[in-house]
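Chain identifiers are assigned alphabetically (A, B, ...) following the order of the sequence lines, protein sequences preceding nucleic acid strands; residue numbering begins at 1 within each chain.
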Number of protein chains: 4
Amino acid sequence: MSSSPSSRGRPRDPRSHEAIVDAATELVTEVGYAATSIGAVAARAGVGKDTVYRRWRGKPELVFEAVFTTTDHAPTPDTGTLAGDLTALLRGLIDEFHAPAAAAALPGLLADFAADPVLKARIRSDFLAPSKERLQIVFERAAERGEIATETPVDLVLDTLAGAVFFHIGLVGEHPDPQLAGRLAAVIAKGIEIR
Amino acid sequence: MSSSPSSRGRPRDPRSHEAIVDAATELVTEVGYAATSIGAVAARAGVGKDTVYRRWRGKPELVFEAVFTTTDHAPTPDTGTLAGDLTALLRGLIDEFHAPAAAAALPGLLADFAADPVLKARIRSDFLAPSKERLQIVFERAAERGEIATETPVDLVLDTLAGAVFFHIGLVGEHPDPQLAGRLAAVIAKGIEIR
Amino acid sequence: MSSSPSSRGRPRDPRSHEAIVDAATELVTEVGYAATSIGAVAARAGVGKDTVYRRWRGKPELVFEAVFTTTDHAPTPDTGTLAGDLTALLRGLIDEFHAPAAAAALPGLLADFAADPVLKARIRSDFLAPSKERLQIVFERAAERGEIATETPVDLVLDTLAGAVFFHIGLVGEHPDPQLAGRLAAVIAKGIEIR
Amino acid sequence: MSSSPSSRGRPRDPRSHEAIVDAATELVTEVGYAATSIGAVAARAGVGKDTVYRRWRGKPELVFEAVFTTTDHAPTPDTGTLAGDLTALLRGLIDEFHAPAAAAALPGLLADFAADPVLKARIRSDFLAPSKERLQIVFERAAERGEIATETPVDLVLDTLAGAVFFHIGLVGEHPDPQLAGRLAAVIAKGIEIR
DNA sequence: TTCTAAACGAGACGGTACGTCTAGTCTTCTT
DNA sequence: AAGAAGACTAGACGTACCGTCTCGTTTAGAA
């Protein structure tokens, strides 16, 4: 997709990339998403503005990468029950959203993604992708155990879970009730169970 | 709420108020929340910028009032079952959020509210207040019927419902699946029912 | 000049006039001419803005009256020599221009007068009028004594004197050299004397 | 004088500088000094406001440069008599002040310079500097010829001349009496001559 | 080597919005 | 009708970012 994998000319310095991502994370945490500007990120990273724009199309893409690309590698939970798996999944989601930079960035980030048609299309595919993948597996196993129907809608449940977490973490409180994952998982699991 | 109910001096012109609210609604619908500026609202309303700032502290407060102060007066549903009441409630929420101006404003509006500590405190009290009130009544009636426990957490359910609707309307699709309200209500109702 | 000397309705309160003039003088002295606004003057005088606009067309007229209508009543000097009379006249001019409010207002006031055609026409007739009257008499006496020609141009000399004083007081220094009046008078007197 | 002679980064475009100065000159001439705003200058020059503020601290500095930096290169007159030299000097001063843009800007410009302590200090050093230099030389030659005393005060005479010209050009008339230079020079020359 | 081309730090560039201020007018109730 | 209060339209203020552009310089692979 990028212009050319050409090796002509000076190669991009990987240290710049890292410095920019670090600076973005710090700034978002310190001053919030709205007050974080590309110029300020570049200045803190000791880098020219073009060096940022060369790698990312804008603030939303940069901050998304800076803030949400660490937790993809958690294993899919397998506790033996749907409620248990959902609880584990939710705990992961809450942990991810509750990291200082993530919590600070979340609402503004979603707003910017939603405002741009190109980015909007990526919300589910990029933003929720890792969670959806794991939820899919959890559902398959639950269906095999006969807990839920095979046609249980993954997206509906995922949006519901993500929405609830977003409202709690991003909009309402600083304090993520430690029982939130369990209570929410219990409601949803019971709600979609057969019987 | 405003500074003083003083009757001294020239009273504020209600036509300005209305013209500003109308202009804000139109602009948000046409160009989106981010591209809506106080200056442009004032210009379209045929009003000086001060006249806007005299009534609202900034864009978030103005757009919130412009976009979300029409539907407070829907009656509390009473269908005889929890699932039915929740479906009706959700349909109202979806209708409110799906209005063109509301859908356009929602993500940016929530982001701005979340970014300001003062406004953040008002999200639940002002933003979700009307819905919460009705949900509370629905829960009380369901508890009387023995469908749910008396201590069922209203806020948890409300956040879950609002979060799911927000994700669907604001972030994902233009088209709110007409069955969304029913399916979601069924899951939640079943999830919190006794037994 | 005003609409009608009608005695209908409530008569203007003379205390307002005085309070406005005092407030204008104070503000000009404290914050300077440019930063003095009609609104601020009215507020300090405890008066509505209209009460100011009802009496003066704008800031220049108000400040002019506030700052330059005290010294009209000095007697015409009569020392027996042209140089002596000019010295006395200049000392009066310097004293008038060097008063705190006058020195603070002078440059801005002249700029506003010069920018408005209506006011521009009044600079010489109103602003320099009292000085010109006295200078005329001094010249007539000097002509009778045979010191100067009868057709000596009053305006040219007056502008020269006023310009020199303006440059010293308004633009250059805070400290008006106490010998300025004498030295300037000596040059001019010698310059226009016969022989 | 400006921030840094640094060669780092993109150099300032000289065409912007010229376009701004031209636009300022035109606007001052057309609408006057007070009605000339930085925003309007930038718009007419086809330039962003920052590009103006990057080069000048404000309107006074900009207009001063736009309007008064052309005539520095006139040769010092040498007619053989003090009166002749002064006449030539005054004619130059009158020509400079009487240019459309200069006449329009003069009073407001002096007012703004006088109101700011930093600029005030520059009135004599920058504004009157070229004239003073030439007057100094004229005085030296006149002293050598024995027409005036060696200690004749340059500043006093310069302020007197400039004040007179300012009053005539800037405040009183559009029409600079063609004989003004000669008449004024005659008075001053005679006034400071020995005997 | 020398050449070519891209990356880089820096900062200028044309725009646009901000939130505050003032101008001069208008509209209310009170004296 | 004057007065105090304050709302009204209009528009300038100086600052901050946006995303792009031009500089001079550096760093590589290709000729």
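- The salt bridge (charged side-chain N to carboxylate O under 4.0 Å, His left out) analysis of residues 102-114 of chain C, with sequence neighbours excluded, yields no pairs.
- Of the residues in residues 106-114 of chain C, none lies under 4.0 Å from DNA chain F by heavy-atom distance.
- Summarising the geometry, the separation between CG on L62(C) and P on dT22(E) is reported as 15 Å, rounded to the nearest angstrom.
- When the P atom of dT9(F) is taken as reference, atom CG of D13(B) falls 8 Å away, rounded to whole Å.
- Between the P atom of dC18(F) and the CG atom of D116(A) lies a distance of 16 Å, rounded to the nearest Å.
- At a non-hydrogen distance threshold of 4.0 Å, K49(B), D50(B), Y53(B) from residues 48-56 of chain B come into contact with DNA chain E.
- Applying ring-ring contact (aromatic ring centres under 6.0 Å, His included) to F113(D) and the options F64(D), F127(D), F68(D) leaves one that passes, F64(D).
- With sequence neighbours excluded, the residues that form a side-chain hydrogen bond (donor to acceptor under 3.5 Å, both in side chains) with R15(D) are D13(D).
- Residues that satisfy the salt bridge (charged side-chain N to carboxylate O under 4.0 Å, His left out) test with D22(D), not counting sequence neighbours, are absent from this structure.
- I20(D) places its CD1 atom 11 Å from the C1' atom of dG14(E), with the value rounded to the nearest Å.
- Going from atom CG of L119(A) over to atom CG of L171(B) covers 12.0 Å, rounded to the nearest 0.5 Å.
- Heavy atoms of G58(D) sit nowhere under 4.0 angstrom from any nucleic acid atom.
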Without placing hydrogens or testing angles, list every side-chain donor-acceptor pair under 3.5 Å for residues 101-111 of chain A, not counting sequence neighbours.
none

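- The CZ-C1' distance, from R15(D) to dT22(F), rounds to 11 Å in whole Å.
- Counting heavy atoms from C-beta on, the side chains of K49(A) and R54(A) never come closer than 4.5 Å.
- The salt bridge (charged side-chain N to carboxylate O under 4.0 Å, His left out) analysis of residues 29-42 of chain D, with sequence neighbours excluded, yields the pairs E30(D)-R44(D).
- Every residue two or more places apart in sequence or in another chain was checked for a side-chain hydrogen bond (donor to acceptor under 3.5 Å, both in side chains) with R55(C), and none qualifies.
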Under 3.5 Å, which protein N or O atoms sit close to an N or O of nucleotides 3-5 of chain E? Give each pair with its distance.
| from | atom 1 | to | atom 2 | distance (Å) |
| --- | --- | --- | --- | --- |
| dT4(E) | O3' | R8(A) | NH2 | 3.4 |

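- Within residues 26-44 of chain D, the residues having any heavy atom closer than 4.0 Å to DNA chain F are, in order of number, S37(D), I38(D), G39(D).
- A sub-4.0 Å separation between OP1 or OP2 of dA7(E) and a side-chain N or O of S16(A) is absent.
- Take the nearest nucleotide of DNA chain E for P11(A) and for R57(C): the residue whose nucleotide is more 5' is P11(A).
- Between V21(A) and W56(A) the shortest side-chain heavy-atom distance falls below 4.5 Å.
- Contacts of A43(A) classified as side chain to side chain contact (heavy atoms under 4.5 Å, CB included), with partners at least two apart in sequence or in another chain: none.
- K59(C) places a side-chain N or O within donor-acceptor distance of the main-chain N or O of T36(C), the cut-off being under 3.5 Å.
- Under the side-chain hydrogen bond (donor to acceptor under 3.5 Å, both in side chains) criterion, D116(C) pairs with no residue at all, not counting sequence neighbours.
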